[in-house]
Amino acid sequence: MGKNIVEKILARHLISGNQVPGEEIGIRVDQTLTQDATGTMAYLQFEAMNAPKVKTELSVSYIDHNTIQVGFENADDHRYLQSVAQKYGIVLSRAGNGICHQVHLERFGKPAKTLIGSDSHTPTCGALGMLAIGAGGLDVALAMAGEPFYLLYPKVVKINLTGRLKPWVSAKDVILKVLEIFTTKGNVGTVFEYGGGGVATLSVPERATITNMGAECGVTTSIFPSDEMTLAFLHSQKRKADYAELKADKDANYAKVVDIDLSKIEPLTAKPHSPDNIATVKSMKNIPVNQVCLGSCTNSSYKDLVTVAKILKGKVVHPEVSFILAPGSKQVLENIARDGYLTDLIASGARLMENACGFCIGNSQSPQSEAVSLRTSNRNFLGRSGTMDADVYLVSPETAAAALITGKFTDPRDLKIVYPKVKIPEKFLIDDAMIIRPDKKKAVREVYRGPNIGPPPKNSPLPEIIQAQVTIKVGDKITTDHIIPAGARMKYRSNIPKYSEFVFENVDASFAQRAKTVKEAGKFNIIVAGLSYGQGSSREHAAICPMYLGVRAVIAKSFERIHAANLINFGILPMTFLSENDYGKIEQQDELEITDVRKIIAAGGNLPIRNKTRGYSFHVSCSLSARQKEIILAGGALNIRGRATQDK
Ligand code: MIC
Ligand code: SF4
């Protein structure tokens, strides 16, 4: 029987396990990427593994998230990252070079290879026919040390694209359509493989917008074939030699096929406060807009920015709208500058930001109170922009441009102007001057550590009895932005005791203090949650910081993939209610008791939990592979790896 693309790549990289959906497999990792906000912890963990050098074909460390540098913390972290990269053979992309996913797509991604990155939008490189998966920093550190990456063998869903996009409709609208169909929950363990005649009409940066935001559906990754478009893109990047054709066999099998006719898609938006809250732009007509942000790793390619420049040419943005522009990479910025479009954008009133995550992660450009902010980024979770009462809508660059002109939500087709044609350069202006490659001849320098950097904390082995309190009960779709905010707090990523003070800050600001009190009383904390707990980012701080505060288990209706893996890596039990009715019975502050925990975890099977406050028992499941059981019993992956390396 024929194979799909995912099966082909996995077969070539399989190290352990069977190619059966739902079974745990280990795969060989060709490339890794990290960014600074998750990277400091990942490299501290890598250092703790005592590996002399990275063992991958390529590992790149990007500095793109924490580039605001208010206070010494960010700059110290940058120096740490630069020195650790030099010591262990890692390529460094300096602050100013661009957002990891955009730069990796341009300069490093390769068809048919595997990439594991400590950022949830790592699947962006799926646009090149690469199997690119987001993971927690510890899993990336293990991959750099030469360990396989473990995942559940995925179920592959084919998204069959037909037709061609109409003018004013673009790749962002395609992925918003996908989000409307699949939503942000219930897609764990799935890969979206794009195919069909419509694929050939989409360039690699357009495909990248689609694979990037597949992360919002919670899939393991998304992937496109590697074809003539891929070759043209690699050629434009002077990387023709990296091309490899990769196509699904004609008789390939899929768990499901979903058809999308590109010609039927309309301009769409994701309304507050979830990327799957989809509506047509037309239905939002005339809502006044205060801010428009163009950029992020989703929509900041040459084509995206030039389209907006052409729409705005000769006009000044509406007086009520603040226009934030953050190019995705230095390459994009240099090319729009060379071709004159930067001048047009500035003349129209663009406020030019650094080529970095910036507004997207909420560490700058927070909108005004009760603002309506239109953004081309990928997440509009409550409070992520830094303004709790702002309404953030996700839109295409075309819809963003229309609002810049009219000052209100406008279907770009109603501008009644000719849709601008953008000529993509056959060869981009390429300058890798901001990329530092490890110099083999240079003596290994000492690693720099500023006062903001502390060692990664470890958990204790799993006890036999857990006496705990439900320190917080939350609802469905709790994101990692709810669990541990980024934005202004992100500068403490390397300082766990400090960062932990902000766990659940935007949900219940007294959580951290309550959890500390419970911990000091010698008990554990338990989090109770609804469906799809841990959506969004890969930040393992959403596990490390709760662990630091004494959280030993999360009982939820369901978990998202990366977060569940992070909980296990740090020795926190991800437990699922056997009966969802039990979620309704349990209350915050209830005292729970779980006995024979080690025994039951080791043997497998459901765990009984006694609710001592209300006098009843209920069952949870905690399905773990043999590898995960070992990690949980040891109190986290660092305990095992640490032991293994000391034994050598
Ligand atoms: C995000 O978009 O939420 C981030 C910031 O890029 C995160 C990583 C992080 O929290 O550092 C992600 O997507 O994984
Ligand atoms: Fe950066 Fe935003 Fe992309 Fe995350 S989603 S990597 S914060 S640009």
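FYI, side chains are in, hydrogens and waters are out, and symmetry mates aren't considered; it's all heavy atoms of this structure. Order of appearance sets the numbers: ligands from 1, and atoms from 1 within every ligand.
With no hydrogens or angles considered, a side-chain donor-acceptor pair links H104 and Q31 at under 3.5 Å. Between the side chains of T38 and S118, at least one donor-acceptor pair of N or O atoms lies under 3.5 Å. Looking at E206 and S170, their side chains never bring a donor and an acceptor atom within 3.5 Å of each other. Between the side chains of N66 and D77, no donor-acceptor pair is found at a separation under 3.5 Å. Defined by atom type and a distance below 3.5 Å, a donor-acceptor pair is present between the side-chain atoms of E216 and H121.
Protein heavy atom at the shortest distance from atom 3 (Fe) of ligand 2 is C297 SG, 2.3 Å. Among protein heavy atoms, atom 10 (O) of ligand 1 sits closest to R539 NE, 2.6 Å. Counting protein heavy atoms only, atom 7 (C) of ligand 1 is closest to S537 CB, 3.2 Å. At the top of the distance list for atom 1 (Fe) of ligand 2, counting protein heavy atoms only, stands C357 SG, 2.3 Å.
Interface atoms of ligand 1 facing H65, defined by a heavy-atom separation under 4.0 Å, are 4 (C), 5 (C), 6 (O). Contact atoms of ligand 1 toward I361: 5 (C) (distance under 4.0 Å to a heavy atom of the residue). Those atoms of ligand 1 that come under 4.0 Å of a heavy atom in A37, given as number and element, are 11 (O). Which parts of ligand 2 touch H101 is read off a 4.0 Å heavy-atom cut-off, strictly below it: atoms 6 (S). Within ligand 2, counting atoms from 1 as listed, the ones closer than 4.0 Å to a heavy atom of H121 are 5 (S). Every atom of ligand 1 is numbered from 1 in the order shown, and the set under 4.0 Å from a heavy atom of D119 is 4 (C), 6 (O), 7 (C), 8 (C), 12 (C), 13 (O), 14 (O). Less than 4.0 angstrom separates some heavy atom of S538 from each of these atoms of ligand 1: 12 (C), 14 (O). Atoms of ligand 1 lying under 4.0 Å from at least one heavy atom of T38, given by number and element, are 9 (C), 11 (O).
At least one side-chain heavy atom of V507 sits less than 4.5 Å from a side-chain heavy atom of V474. Side-chain contact between N569 and D139 is present, with heavy atoms from C-beta onward closer than 4.5 Å. No side-chain heavy atom of T211 sits under 4.5 Å from any side-chain heavy atom of I223.
Nearest to atom 13 (O) of ligand 1 by heavy atom, out of S120, S118, G117, is S120. The heavy atom nearest to atom 5 (S) of ligand 2, out of those in T122, N378, D64, I361, is found in N378. Closest heavy-atom approach to atom 6 (S) of ligand 2 within the set Q35, M490, H65: this belongs to H65. When R493, R384, M490 are ranked by how near their heavy atoms come to atom 9 (C) of ligand 1, first place goes to R493.
Residues D431 and K330 are paired through a salt bridge, judged by an N-O separation under 4.0 Å between the basic side chain and the carboxylate.
R539 pairs with exactly one of D119, I483, I484 by the side-chain contact (heavy atoms from CB on, under 4.5 Å) rule, that one being I484. For the side chain to side chain donor-acceptor pair (under 3.5 Å) criterion with S301, the lone passing option out of T298, D304, N299 is D304.
Residue contacts to atom 3 (Fe) of ligand 2: C100 brings no N, O or S atom closer than 2.8 Å. Distance check for C360 against atom 1 (Fe) of ligand 2: none of its N/O/S atoms falls below 2.8 Å.
In D119, the part holding a heavy atom less than 4.0 Å from any atom of ligand 2 is the side chain. Of the heavy atoms in Q35, only side-chain atoms (C-beta onward) come closer than 4.0 Å to ligand 1.
Side-chain N or O atoms of T387 include none that pairs as donor or acceptor with a backbone N or O of D389 at under 3.5 Å.
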